[in-house]
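Down below is the structure, laid out as structure tokens.
Convention: sequence-line order gives letters A, B, ...; per-chain numbering from 1.
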Amino acid sequence: MKPFSLNFNEMPVEAAPTPGEILLPLPGWDPGKQHPKLREGTQVVTGEQLMPGVYSTVTGAVQGIRPLLMWDTDVTALRIQCEGDEQTDPGITPYEDYLQAEPADILEKLKRANLPFGQLPDTVSTVVVSAVDTDPLHHVYHQVLREQKERVLEGLKLIKHVTGATAVLFAVPEPLAQLVGGSGSDGVTIVPIEPVYPNGLPELLVASLASRFDLRDHLFLGVETLTAAVAALEDGTPYNHKIVTLTHKTGTRNLRVRIGTPLSQLLEGIEIVDHSRVIVNGLFKGYACFDLEIPVTPTLHSVYIQEPGDVTPDRNRQCMNCGRCVRACPVDLEINLIGRYAEFSIFDVCAEKDVHRCVECGLCAYVCPAARSLVQLVRLAKKEIQGEKVS
Amino acid sequence: MKLVVSSSPFGRVTLTEGRIHLDFIIALIPAILYALYTYGMLGLRVMALSAATALATDILLRKLFKRPPAFTDLSSLLVGILFALVLPPTVPYWLVIAGAFLCISLGKELFGGQGSNPLNPVLVGWAVSWISWPNYFDYNMSAVGLDLPFDYHFPLTMLKKGGTAFIEQFDSAGLLLGQQVGGIGAAAVLLLFIGGVYLLVRRVITWEIPAAYMLGVIVMALIFRAGDSQLYAGPIFHLVTGNTMIGIFFLATDYSSAPFNRWGKIVFGLGAGFLTVILRAWSFHVDGVFFAILIMNLFTPLLDRLKPKTKTTPIPVVYMEKA
């Protein structure tokens, strides 16, 4: 069963207007601590540090903080009103030649430029860079590769230098392999990937590459942050725009959106009728929004407004054992049985059947003629096995 | 603005259980037409009674068990039609009703309905009726008195009685085209094969069980024939007589009672094919198809263990970007 070909039509990135206000989630927010720059009325400029690990992505005035429920996590978010001409914090100085700089300095500078990079592991032998989009609704990575090919190739050298890895594997969708074909430099291997969902999912990509390469000490990143890192080091521009694929009934567009833009402002001018579904991050692994006060973050790749007529309710009829889910499963789970055992709260058998190996790609529920909520049942089983009582 | 919130994925195929069973019924239409053409009102009587009883049983039992009605998924209708197609034309009306009732009640609803039955419901109904009232199920001479363009002898009975010498009167092409007594629709071998190909093309069933079943029949028939060519018929004869074809495409492929993994299906099909010929050769039955499939149904939980190893990341992904 070949479920879903990814579409590689060119989709130029258009600039979205600067929003009137942004919402920045504040990880590690502690109400007991004083954060002078988070006081109401403080004027901030683009790229300015607001608290450790948090940088403004616009120029304007702080409006205070508010609680925000992002999917299943409670966070505290900062509101910033965008005002006046944009100024960029001069704190990020570009390098003459970053390949000569110390890796630790580069990483510090990248974090200072608001790139969402964490601490590097002690040893990295291989870096996997992916330009394969993770959902049929995402047109981000392949478009970045098309529009910024030179930067991508620079970035591959950069990431090798920063991590000290001996090999870089660059996963490219097959139809675009000729774009970068033969241009792999020292230690960079270009790996064409069949452009079919779910091949772009990191878990499956790493699993398929692990059979051919040594990935014991690997590091995985997407091609978009890679080009943003090159931009920060070459031009001193902080990372404050995210490419988002917006799909609704009139068509699909790629937008360059300010990080922090609430969906309500991104979708301004688009009529959303009652009983639509606003889906973030793809048809298969995304989330449905309950309101539009969700900000664009570095991990948000797409927004899809699903018309009421296209909403596909779960009917949750009895499993008829047709086996379509088993044939669709990319990791060969007995998902028909797992679904039934989870339905009747027999979670130890779910564990025996390797439910934790599920990557929640959603293909089983997609093909199910009984319209069962198989992914939901898998998540329930995983949580119950981890000891969280949810049912 | 009211938004719909739900869990992923946010797309679904439009295929439903009803559509799948409708496809099975569409695939049976040629055989149904054959039954009407060959047996006229007798055929119509059996099919209508069986289908109506199956549907009524489904509705009544669901009411009795206080479960939501499920007849709209057409699975009971399909069971009713399949049961009718394997009956001889002159079977008494009360037996059709009793059998169809047993198919749905004992075969299906008792276990929780479509998808939960460990054995093929059609064959459960058939087996219970056959054991209770064996005299009415003999295909041989079942059509005596009817004006039919072919022999009244059931080919497999003739084979059992006199070996290959007794089946010289039947030619394979005629048997293939349904020139034989047997189940009112099950005898239409070529039409059932066409229906089976339709199911394969529509991807309602997969190739493994039919292909392995045919291979099993051919291999076992060749082995027996090599042992004694006077006593045992060749593979073609086994494929075009009795209930082989309806078994291969419509009974062995029942979702619930067959394995769902590829190798499980292949072993299931091979086993059913072997047993069909073995039962025809050595057992008291003239046609071994139904018991072959029922026996293999019992092996299904075991065969489901022939699953491929779970694939996935041998090592967890280490992300450079923070979540």
Neighbour count above 12 (heavy atom, 6.0 Å) for B:Phe71 CZ: no

Tell me, for A:Tyr304 versus chain B, whether the close heavy atoms (under 4.5 Å) come from the side chain, the backbone, both or neither. neither

Interface check, chain B: of A:Pro121, A:Gly323, A:Gly222, most non-hydrogen pairs under 4.5 Å belong to A:Gly222

When the 4.5 angstrom heavy-atom criterion is applied to B:Asn117 and chain A, the contacting part is neither

Do you know which of A:Cys289, A:Pro308, A:Ala370, A:Ala371 has the most heavy-atom pairs under 4.5 Å to chain B? A:Ala371

Output, in order, the C-alpha distance, side-chain angles, deciding distance and verdict of side chain to side chain contact (heavy atoms under 4.5 Å, CB included) for A:Arg315 and B:Glu17. CA-CA 11 Å; A:Arg315 288 182 291 123; B:Glu17 313 100 304; 3.4 Å; yes

Let's test your reading of the structure: which of A:Gln119, A:Arg379, A:Glu360, A:Arg216 forms the most heavy-atom pairs below 4.5 Å with chain B? A:Arg379

Evaluate the side chain to side chain contact (heavy atoms under 4.5 Å, CB included) criterion for residues B:Asp73 and A:Arg317: first the C-alpha distance (whole Å), next the side-chain angles of each, then the deciding distance (0.1 Å), finally the verdict. CA-CA 10 Å; B:Asp73 74 5; A:Arg317 298 285 301 262; 4.0 Å; yes

Please find the pair of heavy atoms, one from B:Phe260 and one from A:Leu337, that lie closest to each other, and give the distance. CZ-CD1, 3.8 Å

When rounded to the nearest 0.5 Å, the distance separating OG of B:Ser7 from CG of A:Asp314 is 7.5 Å

Taking all non-hydrogen atoms of both residues, which atom of B:Pro9 and which atom of A:Gly362 are closest, and how far apart? CG-O, 3.3 Å

Residue from A:Pro298, A:Gly118, A:Cys358 scoring the most non-hydrogen pairs under 4.5 Å with chain B is A:Gly118

Any chance OH of B:Tyr319 has more than 12 other-residue heavy atoms, nucleotides or ligands included, within less than 6.0 Å? yes

Please say whether more than 12 non-hydrogen atoms of neighbouring residues, nucleotides or ligands are located less than 6.0 Å from OH in A:Tyr287. no

Heavy-atom contact with chain B under 4.5 Å, split by part of A:Ile159: side chain

Using heavy-atom distances under 4.5 Å, tell me whether A:Leu209 contacts chain B through its side chain, its backbone, both, or neither. neither

Cut-off 4.5 Å, heavy atoms of chain B, and the answer for A:Cys322 is both

Non-hydrogen side-chain atoms of A:Arg324 and B:Val13 separated by less than 4.5 Å: no

Top contributor to chain B contacts, counting heavy-atom pairs under 4.5 Å, from A:Leu205, A:Val326, A:Asp354, A:Asn336: A:Asn336

At a heavy-atom distance under 4.5 Å, which candidate from B:Thr16, B:Thr206, B:Val204 has the highest pair count against chain A? B:Thr16

Side chain A:His275, main chain B:Lys2, donor-acceptor under 3.5 Å: no

Looking at B:Ser8 and A:Val375, what are the two nearest heavy atoms and their distance? O-CB, 3.6 Å

Starting at CZ of A:Arg277, measure out to CZ of B:Phe10 and round the result to the nearest 0.5 Å. 6.0 Å

Could you look at A:Cys368 and say if it's the side chain, the backbone, both or neither that has a heavy atom under 4.5 Å from chain B? both

As an exercise, state the distance from CG of A:Asp332 to NZ of B:Lys307, rounded to the nearest 0.5 Å. 7.0 Å

Hey, does A:Asp291 have a side-chain heavy atom less than 4.5 Å from the side chain of B:Leu3? no

Distance col, row B:Glu321:CD vs A:Thr225:OG1, nearest 0.5 angstrom, shows 3.5 Å

Return yes if a side-chain donor-acceptor contact under 3.5 Å exists between A:Arg340 and B:Ser116, otherwise no. no

Who wins among B:Arg262, B:Met320, B:Arg12, B:Arg19 for the most heavy-atom pairs under 4.5 Å with chain A? B:Arg12

Side chains of A:Gln318 and B:Arg67: closer than 4.5 Å at any heavy-atom pair? yes

Least distance between heavy atoms, B:Val4 atom then A:Ala288 atom: O-CB, 4.0 Å

Which atom of A:Glu334 lies closest to which atom of B:Asp304, heavy atoms considered: OE2-O, 3.5 Å

Taking atom CZ of B:Phe193 as the centre, does the number of heavy atoms from other residues, nucleotides or ligands within less than 6.0 Å exceed 12? no

Turns out that what part of A:Ile279 lies under 4.5 Å from chain B's heavy atoms comes down to side chain

Between A:Leu107 and chain B, with a heavy-atom cut-off of 4.5 Å, which part of the residue counts as in contact: side chain, backbone, both or neither? side chain

